[in-house]
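Step one of this worksheet: look at the structure below.
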Amino acid sequence: MSSIVSAYPDDSQTSKFWQKSKESPFVPVGMAGFAGIVALGLYKMKTRGNTKMSVHLIHMRVAAQGFVVGAMTIGVVYSMYRDFYLKPREQAKALLEK
């Protein structure tokens, strides 16, 4: 039996989720948006009118995927900003203070 050492002291699923959401905050935003769009689409399914079920589901899927891709893109841009703009400024500031 192998022992897996975690980088986080508390191994519960909730604590792992919160730790990961602190590292990349737009992932939970994308998940929540996806769930919201799917819930809204399912609610509006009753009043879709003359639209075919398959067309309604395709529109719902495209909207949900678009939201998730948008949230991931914003997250990547934020991560690049943090890594390539803020960290070098902090390092330069620390060197000037020495």
Side-chain angles (χ1 to χ4, degrees):
M1 184 188 284
S2 66
S3 175
I4 299 174
V5 178
S6 176
Y8 308 114
D10 188 15
D11 280 345
S12 70
Q13 293 296 324
T14 306
S15 66
K16 286 180 183 179
F17 176 76
W18 287 115
Q19 184 67 32
K20 289 291 185 182
S21 67
K22 286 179 185 177
E23 293 173 6
S24 53
F26 289 98
V27 171
V29 171
M31 290 168 55
F34 177 83
I37 289 172
V38 169
L40 181 66
L42 292 174
Y43 176 74
K44 286 191 170 194
M45 192 177 292
K46 291 188 288 186
T47 61
R48 69 181 188 271
N50 204 9
T51 308
K52 284 186 172 181
M53 173 76 83
S54 62
V55 172
H56 178 74
L57 291 174
I58 288 171
H59 288 169
M60 186 174 58
R61 179 186 63 88
V62 168
Q65 280 182 320
F67 190 90
V68 170
V69 169
M72 289 174 56
T73 302
I74 291 171
V76 167
V77 169
Y78 172 73
S79 177
M80 289 175 61
Y81 170 76
R82 187 179 58 204
D83 291 344
F84 296 115
Y85 184 72
L86 291 181
K87 281 185 181 178
R89 286 184 74 186
E90 291 174 1
Q91 291 171 350
K93 195 179 207 182
L95 286 175
L96 290 176
E97 290 177 356
K98 285 185 178 182

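All residue numbers refer to positions in the sequence shown, counting from 1.
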Which pairs would a plain distance check flag for residues 52-67, meaning a side-chain donor or acceptor within less than 3.5 Å of a matching protein atom at least two apart in sequence or in another chain?
{"unit_1": "His56", "atom_1": "NE2", "unit_2": "Gly41", "atom_2": "O", "d": "3.0"}
{"unit_1": "Arg61", "atom_1": "NH1", "unit_2": "Gln65", "atom_2": "OE1", "d": "2.8"}

Ignoring hydrogens and angles, write down the donor-acceptor pairs under 3.5 Å from the side chains of residues 69-80, residues two or more places apart or on other chains.
{"unit_1": "Thr73", "atom_1": "OG1", "unit_2": "Val69", "atom_2": "O", "d": "2.8"}

*State yes or no: do Met45 and Val38 share one hydrophobic cluster built from I, L, V, M, F, W and Y residues joined by side-chain heavy-atom distances below 4.5 Å, directly or via other members?*
yes
*asked:* Taking side chain to side chain donor-acceptor pair (under 3.5 Å) as the cut-off, I'd like each qualifying pair that reaches into residues 33-47, sequence neighbours left out, listed once.
replied: none
*Do Val68 and Leu40 belong together in a cluster built from hydrophobic side chains that touch within less than 4.5 Å?*
no
*Using links of under 4.5 Å between side-chain heavy atoms of ILVMFWY residues, direct or through other members, which residues join Tyr85 in one cluster?*
Tyr81, Leu86
*Which pairs count as salt bridge (Lys or Arg N to Asp or Glu O under 4.0 Å) when at least one residue sits in residues 70-83, sequence neighbours excluded?*
Asp83-Lys87
